[in-house]
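Values in this document were obtained by computation on a predicted structure and should not be read as measured data. Heavy-atom basis, side chains included; hydrogens, waters and symmetry copies ignored. Just so it is clear: chains get the letters A, B, ... in the order the sequence lines come, proteins before strands, and each one is counted from 1.
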Amino acid sequence: MEKNFRLRFAPSPTGPLHIGGARSALFNYLLAKKNGGTFIVRMEDTDLERSSKESEENIKASLRWLGMDWDEGIDVGGDYGPYRQMERLDIYNEAVQKLIDEGKAYYCFCSEEELAKEKEEQQARGELPKYSGKCRHLSKEECERRIAAGEKPVVRFHVPEGETVVVDDLVRGEVHFETDGIGDFIIVKSDGIPVYNFAVVMDDHTMGITHVIRGEEHLSNTPRQIVLYDALGYEQPRFAHISLILGRDNEGKLTKMSKRHGSTSVVAYKEQGYLPEAIDNFLALLGWAPGGEKELFTLEELKQNFSLEHVSKSPAVFDIEKLKWINGMYIRNASGERLLEYGLPYLKKAGFVSEEPSTEEMIWAMSVIDVLKTHISSFAELPELIRHYRGEIFYRDEVLAEMKEHKEEVLTVLKAMKEKLERNPKIAVDSYKKLLKEISKETGIKGRPLYHSLRVAKTGEEQGPDLDKLSVIIGRDLMLERLKKFIKMFQRMD
RNA sequence: GGCGCGUUGGAGAAGCGGCUGAACUCACCAGCCUUUCACGCUGGCAUUCAUGGGUUCGAAUCCCAUACGCGUCACCA
């Protein structure tokens, strides 16, 4: 009998939601949805120093933006709350007291200096550094006396010696750890707040979590947690540790994804004009492989197809080129409305259309986006491209040299265009195609000689959007100005 | 250093003992489409899976060793 799937994403609100976190959240979300289960979001805010409300808000907003709505947890509630660790202290304290009473955990009064010294000595002797167990045998009376005297002890868990802990991991198989390598670890800090390894066990158990999908960096924490599950008499959830996300640094070395590899937060990608469905798609492919040749998946399709069986053990490389490609594909396939919805803010921000666009501006925005949509991989490139086409242009020597070989032809075409533009001060955007036809007919020049000369004169480039459509961006006046300048310059060349 | 994990083309990445004489994507090359380029479409692009042994009728796929890379060893999560 399979229990209902209950999965969770439990970030600590110590910064904006980053790519790695979003990917963990996604995998949990997808597995829950695939199996008709429940997706829960909870906050691990026991690090008072670094936790902040802004971070929590950022994480929630990012998750919602990516389409990962949770069924239970923070903000939405549920039967297993509260969903913030700092509001669950009573639950933890009760369990800690039980462990102390049973002799499975104990107060430790060692100072940081003592511990550091001990560690140093152990290392000098070539031993693995771990807590000596010095406070293990303090009497209850002594503990009470010292606490009453104002000392602030931590609580350590007495790790059973000489045992092997097996992590039965859904992606890595059985991974073995010796308890002798662990040492009695702290479960409650001297300020009375439990440490992650303890709180997470309590939460996952009391919330009925069935599967824990998290980053590989937690693999070495898992034996500690398992030993706690055993001591508490709780049943373990299934664990799945997904591989790290690597980024390539300036020297070309691959290391764990961090700020030095560029943007790491979800909001940063949002601001750069990536679509949430593209991010989801990209994230899903970071370590997970769908069966066939298909690479583009909507969230809905991901929900149906996701499974842990095809999650890779080897690290995933954050390949920004791939993200750009995926995003570009989503942009090309998006409806006009959606394109406008996402693209317009970038045009406004860059000042190409006003804050309250007129109908004319809206029409212009739509056609610009339509012209450029096959040339951008994110919406942030939209204003960049427009500025690029309108800005200073440079003519490459090789290109000019090639054109010089057909000097007469080139000049004929350019002059014809110049004259037509001069005669039509208010030429409509959609009549450029007709114009090109006329020029071709009148001059007898067609194909590459026709298009190439005009393209170079107008943009300085040899490739780009359709020539007639380019007028939407450059406009009649600028185009004419450039033609005149180019003709002048070109005539003087020999 | 201990423990843990990984190593497939120019890059990302499938593959889980025979139907892979190694998918797919990017990049690159060629052709088609387009009165041009791009977009799009079609085709080409690893005699080989870090190296060395072994198991097997058969291995990128299983085992061992070596090398290299990465992660983790907190009163952070």
(request) With the side chain of A:R172 defined as its heavy atoms from C-beta on, choose the nearest nucleotide among B:rU36, B:rC70, B:rC5. (result) B:rC5
(request) Provide the Watson-Crick or G-U wobble partner of B:rC73, both distances under 3.5 Å; none if there is no partner. (result) B:rG1
(request) For A:E301 and A:L296, work out which heavy atoms get closest and say how close. (result) OE1-O, 3.9 Å
(message) Nearest to the side chain of A:K313, heavy atoms from C-beta on, is which of B:rA77, B:rU72, B:rG6?
(response) B:rG6
(message) Any strand counts, and the cut-off is 3.5 Å on both contacts for Watson-Crick or G-U wobble. Which nucleotide pairs with B:rG17?
(response) none
(request) Can you tell me the pairing partner of B:rG31 across any strand shown, Watson-Crick or G-U wobble, with both distances under 3.5 angstrom? (result) B:rC41
(request) Just compare B:rC5, B:rU35, B:rC76 and give me whichever is closest to any side-chain atom of A:E216. (result) B:rC5
(message) Please evaluate residues A:Y196 and A:D47 with respect to the criterion side chain to side chain donor-acceptor pair (under 3.5 Å), reporting the C-alpha separation (whole Å), side-chain torsions for both, the decisive distance (0.1 Å), and the verdict.
(response) CA-CA 9 Å; A:Y196 162 77; A:D47 184 342; over 6 Å; no
(message) Need the pair for B:rA22. Rule: Watson-Crick or G-U wobble, both distances under 3.5 Å, any strand; none if unpaired.
(response) none
(message) Taking the cut-offs as 6.0 angstrom to the six-membered ring centre and 45 degrees off its axis, would you call A:K434 and A:Y432 a cation-pi pair?
(response) no
(request) Indicate, with a heavy-atom threshold strictly under 4.0 Å, whether A:A316 touches base, sugar-phosphate, or nothing. (result) sugar-phosphate
(request) Answer with base, sugar-phosphate or nothing: what part of the nucleic acid does A:E321 contact at a heavy-atom distance below 4.0 Å? (result) nothing
(request) Identify, between A:H176 and A:K322, the residue whose nearest nucleotide on RNA chain B lies closer to the 5' end. (result) A:H176
(request) Classify the nucleic acid contact of A:D191 as base, sugar-phosphate or nothing, counting any heavy atom under 4.0 Å across all strands shown. (result) nothing
(message) When you measure from the side-chain N and O atoms of A:R248 to the phosphate of B:rG12, is any distance below 4.0 Å, counting only OP1 and OP2?
(response) yes
(message) For a quick check of understanding: with a heavy-atom distance under 4.0 Å over all strands, which category does A:T46 fall into, base, sugar-phosphate or nothing?
(response) sugar-phosphate
(message) Mind checking if A:K437 touches a base, just sugar-phosphate, or nothing, with heavy atoms under 4.0 Å?
(response) base
(message) Please compare A:V154 and A:R448 by the position of their nearest nucleotide in RNA chain B and report the one closer to 5'.
(response) A:R448
(message) If I compare all heavy atoms of A:I279 with all of A:Y274, which pair ends up nearest, and what's the gap?
(response) CD1-CB, 3.8 Å
(request) Examine B:rG40: is either OP1 or OP2 under 4.0 Å from a nitrogen or oxygen in the side chain of A:R332? Give yes or no. (result) yes
(request) Classify the nucleic acid contact of A:F185 as base, sugar-phosphate or nothing, counting any heavy atom under 4.0 Å across all strands shown. (result) nothing
(request) Could you tell me which nucleotide pairs with B:rA67 by Watson-Crick or G-U wobble geometry, both distances under 3.5 Å, or answer none if nothing does? (result) B:rU7
(request) Scan A:S312 against the nucleic acid and name what it touches under 4.0 Å (heavy atoms): base, sugar-phosphate only, or nothing. (result) sugar-phosphate
(request) Identify which one of A:Y29, A:F27, A:W70 satisfies the ring pair (Phe, Tyr, Trp, His ring centres under 6.0 Å) criterion when paired with A:F39. (result) A:Y29
(message) On the nucleotide B:rU25, are OP1 or OP2 found under 4.0 Å from the side-chain N or O atoms that A:W325 carries?
(response) no
(request) Output the single nucleotide from B:rC75, B:rA13, B:rC76 whose closest atom is nearest the side chain of A:V317. (result) B:rA13
(request) Choose from B:rU72, B:rC75, B:rC70 the nucleotide whose nearest atom is closest to any side-chain atom of A:S220. (result) B:rU72
(message) Counting only Watson-Crick pairs (N1-N3 plus N6-O4 or O6-N4) and G-U wobbles (N1-O2, O6-N3), all under 3.5 Å, who is the partner of B:rU47?
(response) none
(request) Answer yes or no on whether A:R156 is positioned over the face of A:F185, meaning its NZ or CZ is under 6.0 Å from the six-membered ring centre and within 45° of the axis. (result) no
(message) Please confirm whether the shortest side-chain N or O distance from A:K189 to OP1 or OP2 of B:rA77 is below 4.0 Å.
(response) yes
(message) Between A:K441 and B:rU35, is there a contact of a side-chain N or O with OP1 or OP2 at under 4.0 Å?
(response) no
(request) Examine A:R224 relative to A:F157 and say whether NZ or CZ is less than 6.0 Å from the centre of the six-membered ring and inside a 45° cone about the ring axis. (result) no
(request) Determine the contact category for A:L254: base if any of its heavy atoms lies under 4.0 Å from a base atom, sugar-phosphate if only primed atoms, P, OP1 or OP2 are that close, otherwise nothing. (result) sugar-phosphate
(message) Under 4.0 Å, counting only non-hydrogen atoms across every strand here, what does A:S314 touch: a base, just sugar-phosphate, or nothing?
(response) sugar-phosphate
(message) Of the listed nucleotides (B:rC75, B:rU35, B:rG12), which one gets closest to any side-chain atom of A:D319?
(response) B:rG12
(message) Using a heavy-atom cut-off of 4.0 Å across all strands, would you classify A:R50 as base, sugar-phosphate, or nothing?
(response) base
(request) Can you check whether any acceptor in the base of B:rC70 is under 3.5 Å from a donor in the side chain of A:T255, or vice versa? (result) no
(request) May I ask you to evaluate whether A:T374 reaches the phosphate of B:rA38, defined as a side-chain N or O under 4.0 Å from OP1 or OP2? (result) no
(message) For a quick test of reading the model: is some side-chain N or O of A:H310 closer than 4.0 Å to OP1 or OP2 of B:rG15?
(response) yes
(request) Could you check whether A:G181 gets within reach of a base, just the sugar-phosphate, or nothing at all, counting any heavy atom under 4.0 Å? (result) nothing
(request) Give a yes/no answer on whether the side chain of A:K119 brings an N or O atom under 4.0 Å of OP1 or OP2 in B:rA74. (result) yes
(message) For B:rA60, give the paired nucleotide (Watson-Crick: N1-N3 plus N6-O4 or O6-N4; G-U: N1-O2 and O6-N3; both under 3.5 Å), or none.
(response) none
